[in-house]
Amino acid sequence: MPSASTKADAATPASADTAADTRLAPGAPGHRRMSLALFAAGLAAFALLYSTQALLPAISAEFGATASAASWTVSAATGALALCVLPLSALSERFGRRTMMTASLTVAVGLALLVPLAPNLEVLIALRALQGAALAGLPASAMAYLAEEVRPRALIGAIGLFVAGNSIGGMSGRIVTGWVAQMWGWRAGLAAVGLTSLLCAIAFRALLPKARHFTPGTLNPKALAATVRGHLADPLLMRLYGIGALFMTVFGAVYTVIGYRLAEAPFSLPQGVIGSIFLVYLVGTVSSAAAGKLVGRLGRRGALYLAVSTTTAGLLLSLSDSLAAVLAGLVLITAGFFAGHAVASSSVSRTARTGRAQASALYQSAYYLGSSAGGTLGAIAFHAGGWAGTVAIGLVAVLGVVSITLYGSHSARVEARRIRPVTA
C-alpha cells in the first residue's frame, strides 16, 4: 500500500493545485497554531540535543576528560539521531506525523530528567545517545508534516520558521545551562533544560492541528528500501544531502570547541558568559526565516553561495585574538549556516516527488552525521593545533559545499543543452 506522501505526490497537477487550496497558508485558520507548535518543538529538540555543548569544559573538569572525550556527549546524541531518523520516519508513515513527533518529544524529555544523574562520563554518553535516538522521530516527521499540510509556496517560509525554532532552542539551552551551571553546577544546568523542554512539549501537543492530508500506509520494508534507493540515486538529492552534512560539519566543529577556546587565555571567560555567547543564535533565527526571500532574489544556488561566503568570512575572522572579532566571526558563521541549512532542507522537500518523509529523513541523517563528525573532528583538531586546527576543518567543509554547488551548476547547464529543442 503506498505511503501518504506517495499518494499525494501521485496526483495530477490539477488535483495537486486543488489540494493545495485546502492546505494551510499564512492567515488561514490553524496556521498560527501550527507555526507556534512546530516552533516549540524545534526549540525543545535543539535545546535537548545540544544541552551539554556549552558545558563541555565543566564536564571535562569533573570527569578528568579531554575535549575530544567530553565532545562525545554531543556527538553520541547527534550520531544516534542520524542512525535512527530513517526507521522512525518510516513509522511515521504508518502511525502519523503528529503521533511520532509527540512520542519523540515525550521520550526525549523523560531522558532529559535522568541525564543530570549520570554517575560517570560513560553513563552520560549512553544516556545522551538514547536521547538522540528518541529525538530522531521529530525532524523528518516535522518536514513531512509541513510538506503535506502547508501550501507549496509557503513551504520554505514554514520550514524556515521551524529551523528558527531550532536556533532559538540551541541558543536558549546553552544560555540557561551556562548561567545555571555557573551558580549550581552543570548537572543543575541540564535539569533546567529538561524542565524547559517539558513545557515546550506540552505546548506542542496542545497547539498542533490534526493532520488533514495524511493517509496511513503499511510498513513495507521492501517498499521502503526501494524508496530509499530511489532517493540515493537522485543526483540533486545527493548533492543536497552533501551540502547539509558539510554545513553542519562546520557548525558542529565551531560550537563544540568554542567553549574551550573562550575559557582559555587570552579570554578566560566564566561559564555563564560563555553560555551567553550563544545569543548569536538570534542571527540564525533571522537568516533561516529569510531563506525564502533569498531564494526568490538569488535563486537556490545564489543563496547557497551567499551562505558559503558568509560562513567563510566568519571562520577567518574568528582566528583573531580579539574577543570582538571572534564574536563577529561567530555571527557570520551562524548566519551563513542557518541560511544554507534552510535552503538545502526546503529544497529536499520540494525535489522529492515520492516518499517525502524518507527524503527528509535521509537529509536529516546526513545533517546530523555531519554534526557528529564536526564535533569530534573539531575537538581533535583543537587538541592538536588549537583554534586554527578547528577553523581548518571548517574551511575544508566549506570548500566541499562550494565544489558540490559548482558541480550542480555545471550539471544543470549540461542538462539544459541536452533537452533544448533543435532549431533549424
Side-chain angles (χ1 to χ4, degrees), residues 40-56 58-59 62-63 65 69-89 91-92 100-142 165-166 168-174 176-178 180-181 186-202 204-205 248 251-252 255-256 278 361 364-365 367-376:
L43 192 154
F46 247 51
L48 291 174
L49 188 62
Y50 293 99
S51 58
T52 61
Q53 198 170 57
L55 303 175
L56 292 180
I59 292 172
E62 175 160 336
F63 295 127
S71 72
W72 276 104
T73 63
V74 179
S75 297
T78 54
L81 189 154
L83 293 175
C84 295
V85 68
L86 183 58
L88 290 187
S89 73
L91 290 177
S92 80
M100 178 54 65
M101 288 187 284
T102 301
S104 177
L105 276 178
T106 301
V107 175
V109 169
L111 288 167
L113 301 178
L114 296 177
V115 164
L117 305 177
N120 54 53
L121 184 61
E122 291 74 19
V123 172
L124 178 59
I125 292 173
L127 287 172
R128 293 283 294 142
L130 291 174
Q131 197 171 39
L135 286 169
L138 180 64
S141 297
N166 293 168
I168 291 290
M171 176 197 72
S172 60
R174 290 163 171 90
V176 168
T177 56
V180 173
W186 64 269
R187 295 178 186 274
L190 291 179
V193 169
L195 293 173
T196 303
S197 298
L198 175 61
L199 297 177
C200 288
I202 293 171
F204 163 80
R205 181 62 183 181
M248 195 55 168
F251 201 67
Y255 278 100
T256 296
F278 292 92
Q364 296 293 332
S365 291
Y367 175 80
Y368 286 109
L369 282 175
S371 176
S372 185
T376 300

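These figures come from a predicted structure and were not determined experimentally.
Scored by the side chain to side chain contact (heavy atoms under 4.5 Å, CB included) test, Val123 finds Ala118, Pro119, Asn120, Leu127 as partners (sequence neighbours excluded). Every residue meeting the side chain to side chain contact (heavy atoms under 4.5 Å, CB included) condition with Leu113, not counting sequence neighbours, appears here in chain and number order: Leu195. Evaluation of the salt bridge (charged side-chain N to carboxylate O under 4.0 Å, His left out) rule for Glu122 yields no partner, not counting sequence neighbours. With sequence neighbours excluded, the residues forming a side chain to side chain contact (heavy atoms under 4.5 Å, CB included) with Ala191 are Pro116, listed by chain and number. The ring-ring contact (aromatic ring centres under 6.0 Å, His included) check on Phe204 picks up nothing, with sequence neighbours excluded.
Of all the heavy atoms in Leu135 and Ala45, the pair that sits closest is CD1-O, 3.8 Å. When every heavy atom of Leu49 is checked against every heavy atom of Ala77, the shortest pair comes out as CD1-CB, 3.9 Å. Taking both residues in full, the closest heavy atoms of Ala41 and Leu138 are given as O-CD2, 3.6 Å, listed atom of the first, atom of the second, then distance. The two residues Ile125 and Ala76 make their nearest non-hydrogen contact at CG2-CB, 3.7 Å. Closest heavy-atom contact between Ser51 and Val193: CB-CG1, 4.1 Å. Closest approach of Ala136 to Leu81, counting heavy atoms only: CB-O, 3.6 Å.
Side-chain contact check for Tyr255 versus Val74: every heavy-atom pair is 4.5 Å or farther apart.
The CD atom of Gln364 sits 10.0 Å away from the OG atom of Ser141 when rounded to the nearest 0.5 Å. Going from atom CE of Met100 over to atom CG of Leu88 covers 5.0 Å, rounded to the nearest 0.5 Å. Atoms CD and OG, on Gln131 and Ser197 in that order, are 8.0 Å from each other to the nearest 0.5 Å. From Leu111, atom CG reaches atom OG1 of Thr106 across 11.0 Å, with rounding to the nearest 0.5 Å. From Tyr50, atom OH reaches atom CZ of Phe251 across 8.0 Å, with rounding to the nearest 0.5 Å. For the atom pair CG of Leu124 and CZ of Arg187, the computed distance is 8.0 Å after rounding to the nearest 0.5 Å.
Under the side chain to side chain contact (heavy atoms under 4.5 Å, CB included) test applied with Val109, the options Thr196, Ile202, Leu198 reduce to a single match, Leu198.
Here the side chain of Arg205 pairs no donor or acceptor atom with the backbone of Cys200 at under 3.5 angstrom. No side-chain donor-acceptor contact under 3.5 Å links Ser372 to the backbone of Leu369. At least one donor-acceptor pair under 3.5 Å links the side chain of Ser104 to the backbone N or O of Ala134.
Here side chain to side chain donor-acceptor pair (under 3.5 Å) pairs that include residues 71-86, with residues two or more places apart or in two chains, are Thr52-Thr73, Ser75-Thr376.
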